Amino acid sequence: RLACERPGVVAAIAAVGGTNQPAAAGGRCAARVPVLQVHGVDDPCWAYETRTAACAFLEEGRKVGVDDTLAAWRTRDGCGATASDEALPDAAPYGTRALRRTWAGCAAPVVHLRVEGGGHTWPGGHQYLDADTVGRVSRDFNASEEIVRFFDANPRR
């Protein structure tokens, strides 16, 4: 919301393990917003698909899925329908694989790091609760480093 309302202050956004409900609802933005979305496909707390179920420590209620959120950002940022996929190296065979999806023709980039087998966790971070509760942590990349690179590549204009 801040990126849409204050584009002179917020240059780009990144989300890990959550989506953007106002974006999927079609809210307006004052400018195009570069977006990086990182999400585990097996996230039991904020499911990849739009759902109401959540894990024990998150309040239940409609949670907009990743595809719906990204579709809204692609529309808002003028992206074409064509996407390119790049498999990230399987640096740590821990049961996860990561894929970077980038859409063509965007006025502002929309990038998705899809973590197959990943849970409600921070890739490259700590397994803060057991995998049965929050899912697995990907060790194939570090979300913090990816976010910094994305922000560096998309400075405020």
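Only a predicted model underlies this, so the values are computations on that prediction, with no experimental measurement involved.
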- Task: Let me see the working for Ile147 and Leu36 under side-chain contact (heavy atoms from CB on, under 4.5 Å), right down to the final yes or no.
- Result: CA-CA 7 Å; Ile147 291 168; Leu36 172 62; 3.9 Å; yes

Applying side-chain contact (heavy atoms from CB on, under 4.5 Å) to Val66 and His112, what does each step give before you reach the verdict?
CA-CA 9 Å; Val66 175; His112 176 39; 3.6 Å; yes

Go through it in stages, so that I can follow the logic: the residues are Leu113 and Phe150, the test is side-chain contact (heavy atoms from CB on, under 4.5 Å), and I'd like the CA-CA distance, side-chain angles, deciding distance and then a yes or no. CA-CA 12 Å; Leu113 289 172; Phe150 186 77; over 6 Å; no

Starting from the C-alpha separation in whole Å, work towards a yes-or-no answer on side-chain contact (heavy atoms from CB on, under 4.5 Å) for Thr82 and Trp103. CA-CA 6 Å; Thr82 305; Trp103 282 268; over 6 Å; no

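Under the 4.5 Å side-chain criterion, counting only non-hydrogen atoms from C-beta, Thr96 is not in contact with Arg139. Looking at heavy atoms from C-beta onward, Arg136 lies in side-chain contact with Asp42 at the 4.5 angstrom threshold. For the pair Arg32 and Arg76, the minimum side-chain heavy-atom distance is 4.5 Å or more. Inter-residue side-chain proximity for Pro123 and Asp140 is flagged as unmet; no heavy-atom pair is nearer than 4.5 Å. Side-chain contact between Val134 and Gln127: present, with at least one pair of heavy atoms (C-beta onward) separated by less than 4.5 Å. Looking at heavy atoms from C-beta onward, Val115 lies in side-chain contact with Phe141 at the 4.5 angstrom threshold. Taking 4.5 Å as the limit, every side-chain heavy atom of Leu99 sits out of range of all side-chain heavy atoms of Leu88.
Using modelled atom types, no side-chain atom of Glu86 and backbone atom of Thr102 make a donor-acceptor pair closer than 3.5 Å. Between the side chain of Asp77 and the backbone N or O of Cys79, no donor-acceptor pair lies under 3.5 Å. When atom types are taken as modelled, the side chain of Thr50 and the backbone of Gly65 share a donor-acceptor pair closer than 3.5 angstrom.
Nearest heavy atom pair, residue Gly124 against residue Val137, reads N-CG1, 3.9 Å. Between Val16 and Ala143, the shortest heavy-atom distance links the atoms CG2-CB, 4.4 Å. Of all the heavy atoms in Thr121 and Gly135, the pair that sits closest is CG2-O, 3.7 Å. Nearest approach of Asn154 to Pro109, heavy atoms of both residues: OD1-CG, 3.1 Å. When all heavy atoms are compared, the tightest approach of Pro155 to Ala11 is C-CB, 3.7 Å. Across Gly17 and Trp46, no two heavy atoms sit closer than the pair O-CB, 3.8 Å.
For Tyr48 and His120, the gap between ring centers reaches or exceeds 6.0 Å.
The neighbour count for Arg149 CZ, taken as heavy atoms of other residues, nucleotides or ligands under 6.0 Å away, is above 12.
Judged by distance alone, the side chains of Ser144 and Trp122 do bring a donor and an acceptor atom under 3.5 Å apart.
With respect to Arg101 and Asp85, a salt bridge is recorded, a charged nitrogen being found less than 4.0 Å from a carboxylate O. Using a 4.0 Å cut-off between a side-chain N of Lys or Arg and a carboxylate O of Asp or Glu, Glu146 and Arg100 qualify as a salt bridge.
Partner Gln37 forms a side chain to side chain contact (heavy atoms under 4.5 Å, CB included) with one of Leu70, Val110, Val111 and no other, that one being Leu70.
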